[in-house]
Protein chains: 2
Amino acid sequence: MKLTRKERERIARRELIIDAAENLIDRLGIDNITMDTIATEAEVGKGTLYLHFKSKKSIYLAISERGSRLLNHAFGKALLKELPGLKLIEELGRTYLKFVQENPVYFTVFNYYESLINDDDLAQSELAQRCEESAREAMTYIVRALQIGMQDGSINNKYDPHELGIVIWGASRGVIHMAFHKQKKHHMKILDDVNFSLQSLVSNFIELIGTGMANDQRSKNN
Amino acid sequence: MKLTRKERERIARRELIIDAAENLIDRLGIDNITMDTIATEAEVGKGTLYLHFKSKKSIYLAISERGSRLLNHAFGKALLKELPGLKLIEELGRTYLKFVQENPVYFTVFNYYESLINDDDLAQSELAQRCEESAREAMTYIVRALQIGMQDGSINNKYDPHELGIVIWGASRGVIHMAFHKQKKHHMKILDDVNFSLQSLVSNFIELIGTGMANDQRSKNN
DNA sequence: TTATAGTTTTGACTGTCGGTCATTAATTGA
DNA sequence: TCAATTAATGACCGACAGTCAAAACTATAA
């Protein structure tokens with residue numbers, strides 16, 4: 001279906017606002033942004049922001065949605081590779097790491113996600129629904145890889161793939177979250193003692209859970 | 001050294017304010033709290049809050065510090081058990097889970113920690129230093145357990161205990177964070193399909209990384 | 001007990017920011 | 001060319017974190 005010029009312009013304007021907000025978050029940090037600065041950066045009046053977004057949180061949510069789409073796209077591509085399931089999981093891990101390194105802004109906003117959808121109004125919005133759907137899709141990629149691995153014998157099938165998927169997803173986020181902040185030189189004295197790179201931590205993590213879920217016939221009894 | 005009555009009263013008053021803030025966070029959620037409500041709850045004038053704390057964030061940081069102390073205390077007790085290192089790690093995991101379930105407020109505030117110490121002024125404060133020190137201490141408990149496990153042979157010593165410690169710490173936070181929010185019925189449609197309890201997810205996680213770091217002689221070559 | 005100096009507490013006030021809406025500008029269609 | 005409709009704007013509002021001059025309280029001395 002063809003969009004009218006007006007509809008196209010409207011969408012373009014909306015994207016422009018999201019771009020502006022992303023840039024500002026990148027430059028100033030997510031806690032130092034005001035609606036006025038976003039409006040200035042996007043070269044529109046403040047009121048215009050509210051023609052496209054219900055609230056400031058809603059702009060962040062839109063950024064989050066955009067990020068999720070990108071991540072899912074990358075996940076989709078990773079899953080196309082002809083690899084045993086266990087390797088696919090590792091591939092997804094590396095994909096996630098790469099995404100975070102290349103798109104720190106999205107990762108920053110993802111970490112805000114909770115406070116966003118704690119807003120009851122916003123949680124009901126169509127935008128929030130799309131975000132939830134994206135998250136579900138990302139989960140599905142992981143579960144698929146696990147199922148493939150259980151099929152081809154590379155992953156131990158004593159786990160429920162859905163449950164294991166959640167565990168892996170949560171754990172990955174946690175590890176990358178911690179390592180990411182070290183990289184950003186935000187605080188984290190814990191990590192000062194030890195000087196490991198984001199890469200190194202994630203590799204170790206992947207190896208750790210890779211070993212944990214591998215289907216080692218000999219260790220079926222534990 | 002003995003404290004004067006004044007000093008004792010000052011400390012008590014400070015604790016009272018922290019108590020009030022904790023209660024409010026529990027009842028209203030951390031995003032719905034104002035300095036005025038904290039003042040009312042603590043039965044002091046708003047200005048008094050600022051005699052004890054530099055800012056609102058600083059109150060949250062104080063709550064965070066109190067939580068860290070409690071958690072470290074629990075970790076310390078867990079480490080006293082006479083168990084092989086691998087079991088100690090599992091014990092720490094369960095301890096952490098129990099802590100989060102019994103003290104959701106602290107967990108909520110922990111998740112705010114980043115935005116707190118992104119505040120440059122606050123990051124320099126003595127309070128922030130104590131928080132960092134607490135985090136380091138928690139890390140140390142994990143590393144100790146790992147070292148014990150590598151000594152007694154229950155944990156594979158191919159990992160660097162410090163690096164592995166960070167991975168485990170980050171991953172645990174991630175898993176519990178995700179599961180915790182499901183429990184709170186906050187959003188998280190991803191988790192609706194599957195109905196796993198916090199307990200169940202954490203058990204799976206512990207088993208997963210437990211297997212991953214176990215010293216299975218036969219699988220030294222991977 | 002009262003006067004005085006010092007200390008603590010307070011809440012009215014200020015600046016900032018998210019969000020609104022009456023007004024203005026632009027676009028459309030006749 | 002001129003309404004009529006739609007889009008954009010920024011002055012304004014309420015809420016809230018943080019401040020500070022004044023009030024209340026305490027301790028000490030006469």
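Labels below follow one simple rule: chain letters A, B, ... track the order of the sequence lines, proteins then strands, and each chain is numbered from 1. All of these numbers come straight from a predicted model, not from anything done at the bench.
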Base-contact (B) and sugar-phosphate-only (S) positions in nucleotides 13-20 of chain D, heavy-atom cut-off under 4.0 Å, - elsewhere: ---SBBB-
Between OG1 on residue T37(A) and CD on residue E41(A), distance to nearest 0.5 Å: 8.5 Å
K98(B) with E102(B): basic N within carboxylate O range, under 4.0 Å: yes
d(CG, L122(A); P, dG19(C)) in whole Å: 10 Å
Under-4.0 Å side-chain N/O to phosphate OP1/OP2 contact, R13(A) with dA8(D): yes
Sugar-phosphate, base or nothing in reach of L49(A), heavy atoms under 4.0 Å: nothing
Name of the residue among M35(A), E22(A), H52(A) meeting side-chain contact (heavy atoms from CB on, under 4.5 Å) with I59(A): M35(A)
Whole angstrom value for the distance that separates P of dT8(C) from CD of E43(B): 21 Å
Spacing of H52(B) atom NE2 relative to dT10(C) atom C1', expressed in whole Å: 13 Å
Electrostatic pair R94(B)-E91(B), nearest N-O below 4.0 angstrom: yes
For atom CD1 of I30(A) and atom C1' of dC17(C), their distance in whole Å: 16 Å
Separation of dT6(D) P from E7(A) CD (nearest whole Å): 14 Å
Nearest-angstrom distance from the residue atom CD of E9(A) to P of dA7(D): 11 Å
For T95(B) against A78(B), the heavy-atom pair lying closest together: OG1-CB, 3.6 Å
Whole angstrom value for the distance that separates C1' of dC25(D) from CZ of R10(B): 17 Å
d(CG, N32(A); P, dG18(C)) in whole Å: 11 Å
Plane angle bin for H177(B) and F107(B) - parallel if under 30°, tilted between 30 and 60°, otherwise perpendicular: tilted
